[in-house]
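It should be emphasised that the depicted structure is a prediction, and the values quoted were computed from it without experimental measurement. So that the names make sense, note that chain A is the first sequence line, chain B the second, and so on, each numbered from 1.
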Protein chains: 2
Amino acid sequence: MSKNASVRRAPRMADVAAMAGVSGMTVSRVLRDPTCVTPETLQRIEQAIEATGYVANRVAGSLASRRTNIVGLIVPSLRNSLFVETIQGVSDVLGTSHPLMIADSGYSLAGEEAAIRAFLGQRVCAVVLHNTTHTDRSRVMLREAGIPCVETGNLTRQPIDMVASFSNRKAARAMTAYLIARGHRRIGFASLPTDDNDRAEERRAGYQAALSRARMPVDPALTIEVAAGLAGGAEALTYFLSLTPAVDAVFLSGDVLATGAVLEAKRRRIAIPKRLAIVGTDDSDLQERISPAVTTLRFPRYDIGRRAASMLLTRLDGRPVDPASVDLGFEIVERATA
Amino acid sequence: MSKNASVRRAPRMADVAAMAGVSGMTVSRVLRDPTCVTPETLQRIEQAIEATGYVANRVAGSLASRRTNIVGLIVPSLRNSLFVETIQGVSDVLGTSHPLMIADSGYSLAGEEAAIRAFLGQRVCAVVLHNTTHTDRSRVMLREAGIPCVETGNLTRQPIDMVASFSNRKAARAMTAYLIARGHRRIGFASLPTDDNDRAEERRAGYQAALSRARMPVDPALTIEVAAGLAGGAEALTYFLSLTPAVDAVFLSGDVLATGAVLEAKRRRIAIPKRLAIVGTDDSDLQERISPAVTTLRFPRYDIGRRAASMLLTRLDGRPVDPASVDLGFEIVERATA
DNA sequence: TTGAAAGCGATACCAG
DNA sequence: CTGGTATCGCTTTCAA
């Protein structure tokens, strides 16, 4: 009943071994493969583990084996539900065998580099990155570390190692072509600032590619960058409506921007999609709840997370990953605004 | 120009020390306190670190010091934006000095226990939990580990260690009182199943407490549990409308449920809030975007994360945390549905 | 301010 | 199938 007054330190493998009457090595083996000993020995060891409340020390194990099973993941922001989808996918596949360490870069390349450095200090066994643009140092550190790495934010042609994503360019091009096919001739494009943001940049390129292919002029006045948030979307809409001649469609890169534009258009009592079509990207359930429901691009972010994780596990398992670049595609979700 | 053909292993502290002409110990010290050596020595060491591309091995460091700086965090789900707010708060305060390991329990106590076990194996230095109900084993493991722990999902009276949260009970009671004050007399309450979900249970208790205080009957038929999702909200509404006498207000625990109820009420062309008031919890920007905008409870989830992290850091720093229970409060956001 | 020696608690490797 | 021994790359401790 009385607690031992001395501070009881955490049980070590040797304690378990002693109690079970075997060597530490045997305990160590059993922990990784319970079938490698006689059932009787196994039982004694399991009892000892139970009795002592032993929890294997992965820190010591990692040092000895020179390898952890921690996977590091870096997203621009944790708050954004887009990234969270991917995180959940990664987490679901990794399960409990590979702890997940997560950091956010705060949308900056320097932030990403700092996170990578911290992860390498922890000797993570693999890394998942959302960004596909990085500082030189980040690339060097990752290469020197020699650990598997999957990028997920864009189907980049020059991955550090592997990539599981979709093509932002193709998606934007398809969406623009969709608008063109429906008869729109003056299409505005708004995104967040493209500095350090390869995704926005690629989408703009896709938008322009679609115009070119349709032999339509690429008017610089129709491509703008706005601040994030609903206000940014409203701002974009206001700008496009002020142009002469007027635009007949607007493509906003990002779900919040698109929502902001739709709300602003409603406020101004502009007929959607009759007078003005509005489309966005990053479909979320929000898009179908607002009225009119927004036509958007849908990206398989959860599956990208799953795929990224399984590519890593394959490589950690010593098997080659082929192809090292996986395109999970995208989808246009037609709704009421275009 | 030619790369060394042999596989170059990662540089160790000894390599840096040799290059700088000092002992390993000096390098070790400098890494933690650059001011503890002569400026000249410091410079030589920094150059050596730069030249070798040395990244300190925290695995070895942790084993030697018997302590990591990894913080473990467990949420019911990563997908839910509610939890993500708290995660971001924790992450922002921990910064890059304390890597964050994140796991999801999948809303189950067993899942939480598995995650705790995994974290303890990694020898995390502290834990943040969302749940405030746990398996006995979870409690025992945490107690034995002797590491600081903050619970964040509910202002429980019996925390494992510390708690930074709000009172689900008080919040639900205040919201119910709000409805009563506005003249509603037959108020329905719907939540997700309360098994293993102390938050939902506390809210139901708060709802009942408000009724009792107003000397209103607590009709068991007015308290139901529904499945998650928009459909669950619609289901709840349908049920309440089928009752005789009819309800004049509905309180839904959870933002998605409330949204589902509002959409269903609109579909049925029920006058809100005239014939029926609808209120929810967990305010998100979604609530003000749908029409009519939903009156809800707002919880300071981001601040809870920040506070939880700073409580942990204080304790890790050897300083006492007082009070160990922090109530961050809540707020009723009055909008159009009540 | 600096260094030498002794662990930290596992695993790798080789014997038996 | 089982055990002994030498690391793994740091920090702690103590001495100079």
Inset, instruction - Provide, to the nearest angstrom, the distance between the CG atom belonging to B/Asp33 and the C1' atom belonging to C/dT2. - result: 14 Å
Legend entry - Given C/dC8, D/dT11, D/dC14, the nucleotide with the shortest approach to the side chain of B/Arg29: D/dC14
Legend entry - Candidates C/dG9, C/dT1, C/dA12 - which lies nearest the side chain of A/Ser65: C/dA12
Legend entry - For atom CD of B/Gln122 and atom P of C/dC8, their distance in whole Å: 21 Å
Inset, instruction - Just compare C/dT2, D/dG9, C/dA12 and give me whichever is closest to any side-chain atom of A/Leu63. - result: D/dG9
Inset, instruction - Take the protein atom CZ of B/Arg12 and the nucleotide atom P of D/dC8, then report the distance between them rounded to whole Å. - result: 7 Å
Inset, instruction - Please determine if a side-chain N or O atom of A/Ser23 lies less than 4.0 Å away from the OP1 or OP2 oxygen of D/dG3. - result: yes
Legend entry - Carboxylate-amine/guanidinium contact A/Asp104 A/Arg79, below 4.0 Å: no
Inset, instruction - Determine the contact category for A/Thr41: base if any of its heavy atoms lies under 4.0 Å from a base atom, sugar-phosphate if only primed atoms, P, OP1 or OP2 are that close, otherwise nothing. - result: sugar-phosphate
Legend entry - Atom pair CG/CD1 of A/Leu73 and B/Ile102 - distance to nearest 0.5 Å: 9.0 Å
Legend entry - Six-ring centre of A/Tyr302, A/Arg307 cation under 6.0 angstrom, axis tolerance 45°: no
Legend entry - salt_bridge(A/Arg137, B/Glu50) N-O dist < 4.0 Å: yes
Inset, instruction - Check whether any side-chain N or O of A/Tyr54 sits under 4.0 Å from OP1 or OP2 of C/dA10, and answer yes or no. - result: yes
Legend entry - Between D/dC8 (P) and B/Asn57 (CG): distance, integer Å: 12 Å
Inset, instruction - Please state whether the phosphate of D/dT12, meaning OP1 or OP2, lies under 4.0 angstrom from any side-chain nitrogen or oxygen of B/Arg32. - result: yes
Inset, instruction - May I ask you to say what A/Val22 touches in the nucleic acid, namely base, sugar-phosphate or nothing, with a heavy-atom cut-off under 4.0 Å? - result: sugar-phosphate
Legend entry - A/Arg143/A/Asp161 ion pair, N-O < 4.0 Å: no
Legend entry - N/O (side chain, B/Arg67) to phosphate O (OP1/OP2, D/dT12) under 4.0 Å: yes
Inset, instruction - May I ask you to say what A/Ser62 touches in the nucleic acid, namely base, sugar-phosphate or nothing, with a heavy-atom cut-off under 4.0 Å? - result: nothing
Inset, instruction - Please check the phosphate of D/dC1 (OP1 and OP2 only) for any side-chain N or O of A/Thr26 closer than 4.0 Å. - result: no
Inset, instruction - Tell me which nucleotide among D/dC10, C/dC8, D/dC8 gets nearest to the side chain of A/Arg66. - result: D/dC8
Inset, instruction - Whole angstrom is fine here: how far is it from CD1 in A/Ile49 over to P in C/dA10? - result: 11 Å
Legend entry - Whole-Å distance separating the CG atom of A/Leu31 from the P atom of C/dA10: 9 Å
Legend entry - Side-chain N,O (B/Ser28) to OP1/OP2 (D/dG9) below 4.0 Å: no
Inset, instruction - Identify whether any heavy atom of B/Arg123 sits under 4.0 Å from a base atom; if not, whether one sits that close to sugar-phosphate; answer base, sugar-phosphate or nothing. - result: nothing
Legend entry - Nearest-0.5 Å distance that lies between atom CG in B/Leu142 and atom CZ in B/Phe119: 11.0 Å
Legend entry - Nearest-nucleotide comparison on DNA chain C, the residue closer to the 5′ end among A/Met25 and B/Cys36: B/Cys36
Legend entry - Closest to side chain of B/Thr38, choosing from D/dC8, D/dG9, C/dT1: C/dT1
Inset, instruction - Report yes if a donor N or O on one partner sits less than 3.5 Å from an acceptor N or O on the other, where the partners are the side chain of B/Arg58 and the base of D/dG9; otherwise report no. - result: no
Legend entry - Value in whole Å for how far the P atom of C/dT1 lies from CD of B/Glu40: 14 Å
